[in-house]
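First listed ligand is number 1; within each ligand, the first listed atom is number 1.
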Amino acid sequence: AAKDRGKGHYVCYTADMGQRIQDAADLATQLAAAVDNAELSVVYQPIVRLGTGRLLGTEALVRWRHPRRGLISPADFIPLAEETGLIVPIGRWVLGEACRRAAEWWRDQLAGHDLVMAVNVAGRQLREPGFVADVAAALAESGLPARCLSIEVTETAVFDDERAIAALHALRDLGVMLALDDFGTASSSLGLLLTCPVTTLKLDRSFVESITTVARQEAVAMAVIQMANALALNAVAEGVETVEQAALLRGLGYRYAQGYLFSPPVPADEAAKLWAGRQPCGCGRCDADSSGG
Ligand code: C2E
Ligand code: MG
Ligand code: MG
Ligand code: MG
C-alpha cells in the first residue's frame, strides 16, 4: 500500500489523486457547458457496400473541441458523460443533429435509395424513461423515416437489463433499426440475440485487425456472418483498414464494411459529397474498381 512506501510517497500519491479528482470535476463542469457553447460537433463515417463501394449510410460520431485542450476523444469523455448523466442531454443533441442531417440527405435523394444513419446510444440513455419519446420526437421533427435510423448499442449496455431491453423493443416498434456494436467482445453476445430485437451485427474491429494472418480471427468472422445470415440480420465489419481485409471479408460473405480504408469520420459537408462517389476498396474485384468510379 502507499502507506508502506513512506510518508513522502503517501503525500505525493494523495496530492496526485486529489489533482486527478479535481481534473475530472473540472472536465465534468466544462462538459456540461460544452453543448451550450457549441463545442460539440458530429462527424460522419461512411458505411459502404463491399463490392460497389457505394455508401449504405453513415455512423454519427460525436467530437468535443475543448477550448484549451483541443480535441478530446469520445473514448475519454463518453464514460464521464455517462457517470454524470450528461450523456442524456448530449445524446439527445447528437440524435437531433444526426436525424436532421440524414433527413436532408434523404430528401435530396443523395443515396438514390433509403440510407442508414447510425447513432450510438449508451446504456444510461437507453434506461432513461424519456428516451424512446426523444427518438420519436427526433424522427418527427426531422422528417426522417424510422427505417433510416439505426440505434447502435453495445452488448454490455443491454445485458441483463430489463429496462434497456424493453426500450429496444419499443424502438423496434417505432421501426428503427437496432445494431449490436462491437459485436463479439462481451460475454453475453449470443443470449442477446434471443432477447433483443436486433437487426444488425457490427463485427468488432478486434476480429478484423489481423484477419488476414490470424486464422482464428477469420474463423470468428466467418462464424459471425453465417450466424447473421441464419438469423436474417445485416452484418457490418468494423475497422477495415486494408484492401486485403476488405477482400477477405467480402469473400466470407460480408456485404457492408466501415473503416479508414474507405473514409475516416468527416464533417457533414464532406460526407454529403461522398454520397455522390464511391469508396472503392481496391481489392481488384470490386465493381467500383472496374467501372472506375
Ligand atoms: P464505435 O461506435 O464502435 O465507433 C467506431 C470507432 O472506431 C470510432 O471511434 C471510429 O472513428 C473508429 N474507427 C473507424 N474506422 C476505424 C479503423 O479503420 N481503424 C480504427 N482503428 N478505428 C476506426 P471514435 O469516433 O473515437 O468513437 C469511439 C467510441 O465512442 C464509439 O465506438 C462509440 O462507442 C463512442 N461514441 C462516439 N460517439 C458517440 C455518441 O454520440 N454517443 C455515444 N453514446 N457514444 C459515442
Ligand atoms: Mg458505433
Ligand atoms: Mg463499434
Ligand atoms: Mg467500438
Side-chain angles (χ1 to χ4, degrees), residues 31 34-35 39-48 50 56-65 71-99 101-102 116-128 131 134-135 138 149-158 164 167 177-186 189 198 200-212 224 234-246 249 256-268 271 279 281:
L31 185 57
V35 176
E39 289 164 18
L40 297 183
S41 61
V42 182
V43 287
Y44 300 89
Q45 184 178 37
I47 303 167
V48 306
L50 289 169
L56 168 76
T58 63
E59 175 173 3
L61 295 158
V62 70
R63 293 291 179 264
W64 179 14
R65 189 169 293 283
L71 211 58
I72 301 181
S73 157
D76 293 328
F77 74 83
I78 293 291
L80 179 68
E82 280 206 72
E83 276 166 43
T84 54
L86 287 168
I87 192 68
V88 174
I90 291 173
R92 196 181 290 130
W93 180 79
V94 170
L95 182 71
E97 277 290 302
C99 286
R101 198 61 74 174
V116 173
M117 176 60 83
V119 177
N120 294 285
V121 167
R124 176 91 181 237
Q125 292 174 267
L126 263 189
R127 286 189 291 275
E128 189 71 16
F131 180 69
D134 284 349
V135 172
L149 178 66
S150 179
I151 296 289
E152 297 197 353
V153 297
T154 60
E155 301 154 282
T156 38
V158 290
M177 309 279 279
L178 298 176
L180 274 184
D181 207 346
D182 306 338
F183 183 76
T185 53
S189 316
V198 299
T200 309
L201 300 182
K202 296 193 77 173
L203 178 73
D204 190 68
R205 74 163 181 266
S206 59
F207 300 112
V208 173
E209 216 166 18
S210 306
I211 194 170
T212 57
V224 169
N234 301 314
V236 180
E238 294 191 283
V240 177
E241 296 184 354
T242 70
V243 294
E244 292 80 13
Q245 290 167 342
L249 286 160
Y256 306 111
Q258 210 178 330
Y260 296 159
L261 173 63
F262 310 105
S263 170
V266 293
Q279 313 302 310
C281 71

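Counting heavy atoms closer than 4.0 Å to ligand 1, residue Asp182 contributes side-chain atoms (C-beta onward) but none from N, CA, C or O. In Val94, the part holding a heavy atom less than 4.0 Å from any atom of ligand 1 is the side chain. Counting heavy atoms under 4.0 Å from ligand 1, residue Ile90 does not touch it at all.
Of all the atoms in ligand 1, the ones that sit under 4.0 Å from a non-hydrogen atom of Glu241 are 17 (C), 18 (O), 19 (N), 20 (C), 21 (N). In summary, the atoms of ligand 1 found under 4.0 Å from a heavy atom of Gln45, numbered by their order in the structure, are 14 (C), 15 (N). Here is the list of ligand 1 atoms found below 4.0 Å of a heavy atom in Ala122: 44 (N). Below 4.0 Å from some heavy atom of Glu238 lie the following atoms of ligand 1, by number and element: 3 (O). Proximity to Gln125 (heavy-atom distance under 4.0 Å) selects the following atoms of ligand 1: 44 (N). The atoms of ligand 1 that sit less than 4.0 Å from any heavy atom of Gly259 are 15 (N), 18 (O).
Looking at every heavy atom in both residues, Thr200 comes nearest to Met177 through OG1-CE, 4.2 Å.
Compare Asp204, Ile78, Val240, Asp181 by their heavy atoms: the one nearest to atom 1 (P) of ligand 1 is in Asp181. Taking each of Tyr260, Trp93, Trp64 in turn, the one with a heavy atom nearest to atom 13 (N) of ligand 1 proves to be Tyr260.
As for Glu238, its N/O/S atom nearest the Mg ion (ligand 3) is the one called OE2. When you scan the N, O or S atoms of Glu59 for the one nearest the Mg ion (ligand 2), you land on OE2. Asp181 has its closest N, O or S atom to the Mg ion (ligand 3) at the position named OD1.
Two residues are said to be in side-chain contact when any heavy atoms from C-beta on lie closer than 4.5 Å; Gln258 and Ser263 fail this criterion. Side-chain contact check for Leu95 versus Leu149: some heavy-atom pair is nearer than 4.5 Å. Between Thr58 and Ile47 the shortest side-chain heavy-atom distance does not fall below 4.5 Å.
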* Give the intermediate values and the outcome of side chain to side chain contact (heavy atoms under 4.5 Å, CB included) for residues Val121 and Phe131. => CA-CA 10 Å; Val121 167; Phe131 180 69; 3.6 Å; yes
* Checking side chain to side chain contact (heavy atoms under 4.5 Å, CB included) for the pair Tyr256/Leu50: CA distance, chi angles, key distance, verdict? -> CA-CA 5 Å; Tyr256 306 111; Leu50 289 169; over 6 Å; no
* To do: Go through the steps to decide whether Val153 and Asn120 satisfy the test side chain to side chain contact (heavy atoms under 4.5 Å, CB included), and finish with yes or no.
  => CA-CA 6 Å; Val153 297; Asn120 294 285; over 6 Å; no
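Residue Lys202 places every heavy atom at 4.0 Å or more from ligand 1. At a 4.0 Å cut-off, at least one heavy atom of Pro265 sits close enough to ligand 1 to count as contact. Distances from ligand 1 to the non-hydrogen atoms of Glu82 include no value under 4.0 Å.
At a 3.5 angstrom cut-off on N or O pairs, Gln258 does not count as close to ligand 1.
Considering the Mg ion (ligand 2) as centre, the angle to OD1 of Asn120 and to OE1 of Glu152 is 100° (10° rounding).
At a threshold of 4.0 Å, the pair Glu59-Lys202 counts as salt-bridged, since one of the basic side-chain nitrogens sits closer than that to a carboxylate oxygen.
Taking 2.8 Å as the threshold, Asp182 counts as a candidate ligand of the Mg ion (ligand 3), since one of its N, O or S atoms lies below it.
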